[in-house]
Participant: 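Mind having a look at this structure? Questions to follow.
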Amino acid sequence: MHNIKDFRDNFENFKKILKFRNYENNLDDVLHLDKENRNLIQEKEKLEMEKKSISKTKDQSLFVKSKEISLKIDKLSKKQKEIKDKLDIILKAIPNIPLKDVPLAKDEINNKEISKSGEIKNFNFEPKSHYEIGEKLNMLDFDLATKTTGSRFVFVKDKLAALERAISNFMIDTHTQKNGYKEISPPLMATENTMFGTGQLPKFEDDQFEIKFDDKNDRKFLIPTAEVILTNMVKNQILNLKSLPLRLVASTPCFRKEAGSYGKDTKGMIRQHQFYKVELVSIVENNKCNEELERMTNCATKILDDLNLPYKKIILCSGDMGFSAEKTYDIEVWLPSEKKYREISSCSSCGTFQAKRMMARYKNNENKTEYVGTLNGSGLAVGRTLIAVLENYQTEDGSVIVPEVLRPYMGNIDKISLN
RNA sequence: GGAGAGAUGGCUGAGCGGUUGAAAGCACCGGUCUUGAAAACCGGCAAAGGGGCAACUCUUUCCUGGGUUCGAAUCCCAGUCUCUCCGCCA
């Protein structure tokens, strides 16, 4: 969320940049509401001061007047609250402002490639898609999932289930043992306020699965990513400088409605309502966001290096970034069957945008209270890594070589074949 | 599910109708001492919001929301959460 003061001071600039974030609403209302809100606050404070001084005198003859002032204050407060609410509704739905090195453009074709890595393998046969491979092996079952649950779910079975688990464990171990992240096994549900903190609410409610509880005032949602729950660990806190940077990793299922992507990636397990993801979250001093983003992205790409999967790194343009992000790198992995790169990780710095929503702060070395910087990134999406391994490590007879680094996690088998 | 206890500043914890934004301790920041560090001693230190170029100043805030009162951290009501005991289940 933006500080209304920054917003006011840089109004024209905000207005211009927000167009490139595909935010088209009229922003002039914000200024009017802000002005009205501040006027009302001033009026109210004047009366409060008067009332306070009366009660200090303990002069009985003034008590009646004090009572009258109270009534006036009530009325003003109510009005002020209404205006403030209106203002907040708009403010809460305005996306973060991109950093200067982010390409200013509305459309994803303006994303910029930063680097390419790894070698694309030449198959001497036509490489199959992951779902063909998986179904032939009898280890991916989409029809069964449709029967029990519905579309966009999958049963992963047998050696592929083990492979999926191996991928997840390998990633977590790497991040905890080599990259300095602390492992967390968090709740998979979050409250409305938690979802607000990272920016999933109020704007993207349609993408979330809500869980029915008995108490209607206490809404709960399945997490669409562990980012939500990990980042909110520091909600409503003032952290000690010594506890920063805080680096957290979790492997969790993620749940997404994928509203608005009907007809997209309907085949296979690229786009599911439920998938595993290893998520990295960093809480840092707010002037260290940029270096932390580089570090985090490197932690993610290192996994692909270790798995020997070809990938490229791109920087997203302003229009393609998520709501809370100020700068985002996407990492795309090569899929032989599609003959193109597909997203497997997204690493973002959110600056202080989420911290302001969460009221997450720290004492800097001058003992001043400041908002923390928050970052999140996939390290990596487990389901999509499984896809990439299946496709890049397939052989002509339909079996799949197990990548070397994963073998210790799979009882040292080196190949998955039809048995 | 039944019976109690509690929720106060970054943390621990006093206060239970009137300069209490809140004692004390810890943590943190600055200083003295020390070759350096530690210890000791001295000083500082809540947050949010409003006004002001600034120095500064005002308002709000002691779980949340209502109520009583001229005045509430303190009294009343409702809710949320936490802890202890009993029952039940993993």
Participant: Considering only G49(B), G66(B), U59(B), which nucleotide approaches the side chain of Ile41(A) most closely?
Facilitator: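 When the side chain of Ile41(A) is considered, G49(B) is the closest of G49(B), G66(B), U59(B).
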
Participant: What integer distance in Å separates Glu48(A):CD from G51(B):C1'?
Facilitator: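 It works out to 14 Å between those atoms.
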
Participant: Looking at His273(A) and Arg256(A), would you say the former's side chain and the latter's main chain have a donor-acceptor pair under 3.5 Å?
Facilitator: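 It does hold such a pair.
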
Participant: Report the nucleotide, chosen from A47(B), G50(B), U59(B), that has the shortest atom-to-atom distance to any side-chain atom of Arg361(A).
Facilitator: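 Nearest to the side-chain atoms of Arg361(A), counting from C-beta on, is A47(B).
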
Participant: Mind checking the P distance from A27(B) to A22(B)? Whole angstroms is fine.
Facilitator: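 Going atom to atom, P in each nucleotide, I get 23 Å.
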
Participant: Expressed in whole Å, how much space separates the P atoms belonging to A47(B) and C11(B)?
Facilitator: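 Between the two P atoms, the distance is 12 Å.
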
Participant: State whether the number of non-hydrogen atoms from other residues, nucleotides or ligands found under 6.0 Å of Lys79(A) atom NZ is greater than 12.
Facilitator: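 Counting other residues, nucleotides and ligands, NZ of Lys79(A) stays at 12 neighbours or fewer.
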
Participant: Of all the nucleotides listed (G50(B), A48(B), G66(B)), which has the minimum atom distance to the side chain of Met359(A)?
Facilitator: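 The answer is A48(B), which lies nearest to the side chain.
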
Participant: Using a 4.0 Å heavy-atom cut-off, does Lys51(A) contact any base of the nucleic acid, only the sugar-phosphate backbone, or nothing at all?
Facilitator: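 If one applies the 4.0 Å heavy-atom cut-off, Lys51(A) turns out to touch the sugar-phosphate alone, with no base involved.
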
Participant: Does the G51(B) base have a donor-acceptor partner in the side chain of Glu45(A) within less than 3.5 Å?
Facilitator: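 Per atom types, no contact qualifies.
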
Participant: Which whole number of Å gives the distance between the C1' atom of A38(B) and that of U32(B)?
Facilitator: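 To the nearest whole Å, 15 Å.
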
Participant: For Lys313(A), run the salt bridge (charged side-chain N to carboxylate O under 4.0 Å, His left out) check against Glu343(A), Glu113(A), Glu294(A) and tell me which one passes.
Facilitator: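 That would be Glu294(A).
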
Participant: What is the distance from NZ of Lys56(A) to C1' of U59(B), rounded to the nearest Å?
Facilitator: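 These atoms are roughly 12 Å apart.
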
Participant: With Arg165(A) as the cation and Tyr409(A) as the aromatic partner, state whether NZ or CZ is under 6.0 Å from the six-membered ring centre and within 45° of the axis.
Facilitator: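 No, Arg165(A) and Tyr409(A) do not form such a contact.
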
Participant: Please state the P separation for the pair U20(B) and A37(B) - nearest whole angstrom.
Facilitator: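 Between the two P atoms, the distance is 39 Å.
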
Participant: Identify the nucleotide, in any strand shown, that forms a Watson-Crick or G-U wobble pair with G6(B), with both distances under 3.5 Å; if there is none, say none.
Facilitator: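 G6(B) is paired, partner C81(B).
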
Participant: So what's C88(B) paired with, Watson-Crick or G-U wobble, going by both distances under 3.5 Å?
Facilitator: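 Result: none.
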
Participant: Between Gln237(A) and Asn365(A), which is nearer to the 5' end of RNA chain B once each is assigned its nearest nucleotide?
Facilitator: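 Here Gln237(A) is the residue nearer the 5' end.
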
Participant: Counting only Watson-Crick pairs (N1-N3 plus N6-O4 or O6-N4) and G-U wobbles (N1-O2, O6-N3), all under 3.5 Å, who is the partner of A48(B)?
Facilitator: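 Check on A48(B): paired to U59(B), both distances under 3.5 Å.
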
Participant: Need one value for Lys44(A): base, sugar-phosphate or nothing, where a base atom within 4.0 Å counts as base even if backbone is also close, heavy atoms only.
Facilitator: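 Result for Lys44(A) = nothing.
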
Participant: Rounded to whole angstrom, note down the P distance from G18(B) over to U84(B).
Facilitator: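 35 Å, rounded to whole Å.
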
Participant: By nearest atom, which of the nucleotides C28(B), G50(B), G71(B) is closest to the Ser55(A) side chain?
Facilitator: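 When the side chain of Ser55(A) is considered, G71(B) is the closest of C28(B), G50(B), G71(B).
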
Participant: When you compare C75(B) with U68(B), how far apart are their C1' atoms, in angstrom units rounded to a whole number?
Facilitator: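 Per the computed distance, 8 Å lies between those C1' atoms.
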
Participant: Please figure out whether Ser66(A) or Thr369(A) has its closest RNA chain B nucleotide nearer the 5' end.
Facilitator: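 Result of the comparison: Thr369(A).
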
Participant: Between atom NZ in Lys235(A) and atom C1' in C81(B), what is the gap in whole Å?
Facilitator: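 Rounding to the nearest Å, NZ of Lys235(A) and C1' of C81(B) are 13 Å apart.
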
Participant: Is there a Watson-Crick or G-U wobble partner for G18(B) with both distances under 3.5 Å, and if so, which one is it?
Facilitator: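 Check on G18(B): paired to C70(B), both distances under 3.5 Å.
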
Participant: For atom P, what is the distance between A14(B) and A7(B), given to the nearest Å?
Facilitator: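 Roughly 9 Å separates the two P atoms.
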
Participant: Of the listed nucleotides (C28(B), U59(B), G10(B)), which one gets closest to any side-chain atom of Lys242(A)?
Facilitator: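 Out of C28(B), U59(B), G10(B), the nucleotide with an atom closest to Lys242(A)'s side chain is C28(B).
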
Participant: Mind calculating the distance between CG (Leu40(A)) and P (G51(B)) to the nearest angstrom?
Facilitator: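 Nearest whole value for this atom pair: 12 Å.
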
Participant: How many whole angstroms separate atom CD of Gln42(A) from atom C1' of G49(B)?
Facilitator: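 Atom-to-atom, Gln42(A) to G49(B), this comes out as 12 Å.
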
Participant: For the pair Glu258(A) and Lys264(A), find out whether any cationic side-chain nitrogen is under 4.0 Å from an anionic carboxylate oxygen.
Facilitator: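 No, Glu258(A) and Lys264(A) are not salt-bridged.
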
Participant: Of the options G49(B), G51(B), A47(B), whose atoms approach the side-chain atoms of Lys363(A) most closely?
Facilitator: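 The closest nucleotide is A47(B).
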
Participant: Does a side-chain N-to-carboxylate-O contact under 4.0 Å join Asp306(A) and Lys302(A)?
Facilitator: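 Salt bridge between Asp306(A) and Lys302(A), a charged N being under 4.0 Å from a carboxylate O: yes.
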
Participant: Taking atom C1' of G67(B) as reference, at what distance in whole Å does atom CG of Leu71(A) sit?
Facilitator: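 My rounded result for the distance is 15 Å.
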
Participant: Which nucleotide, if any, forms a Watson-Crick or G-U wobble pair with A27(B), using both distances under 3.5 Å?
Facilitator: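 Across any shown strand, A27(B) pairs with none.
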
Participant: Without decimals, in angstroms, what is the distance between Phe63(A) CZ and G18(B) P?
Facilitator: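 These atoms are roughly 14 Å apart.
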
Participant: With C1' as the reference atom in both, quote the distance from A72(B) to G17(B) in angstrom, rounded to an integer.
Facilitator: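 The answer is 6 Å between these two C1' atoms.
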
Participant: If I take atom NZ in residue Lys78(A) and atom P in nucleotide G66(B), what distance separates them, rounded to the nearest angstrom?
Facilitator: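 Distance check: Lys78(A) NZ to G66(B) P gives 11 Å.
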
Participant: Using 4.0 Å as the upper bound for N to carboxylate O, is an ion pair formed by Lys86(A) and Glu36(A)?
Facilitator: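 No salt bridge links Glu36(A) with Lys86(A).
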
Participant: Using both distances under 3.5 Å as the test, list the Watson-Crick or G-U wobble partner of U34(B), or none.
Facilitator: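 With both distances under 3.5 Å required, U34(B) matches none.
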
Participant: Where the side chain of Lys81(A) is defined as all heavy atoms beyond and including C-beta, which of G66(B), U59(B), G71(B) is the nearest nucleotide?
Facilitator: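 Among the listed nucleotides, the one closest to the side chain of Lys81(A) is G66(B).
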
Participant: Establish, for the pair Lys203(A) and Phe323(A), whether the NZ or CZ atom is under 6.0 angstrom from the six-membered ring centre and no further than 45 degrees off its axis.
Facilitator: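 No, Lys203(A) does not sit over the ring of Phe323(A).
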
Participant: Once you apply a heavy-atom cut-off of 4.0 Å, does Ile54(A) come out as touching a base, just sugar-phosphate, or nothing?
Facilitator: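 The answer is nothing, as Ile54(A) stays clear of every strand by at least 4.0 Å.
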
Participant: Give Lys65(A) one of three labels, base, sugar-phosphate or nothing, depending on what nucleic acid heavy atoms sit under 4.0 Å from its own.
Facilitator: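 The answer is nothing, as Lys65(A) stays clear of every strand by at least 4.0 Å.
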
Participant: Does any nucleotide pair with A54(B) by Watson-Crick or G-U wobble geometry, both distances under 3.5 Å, and what is it?
Facilitator: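 Paired with no nucleotide.
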
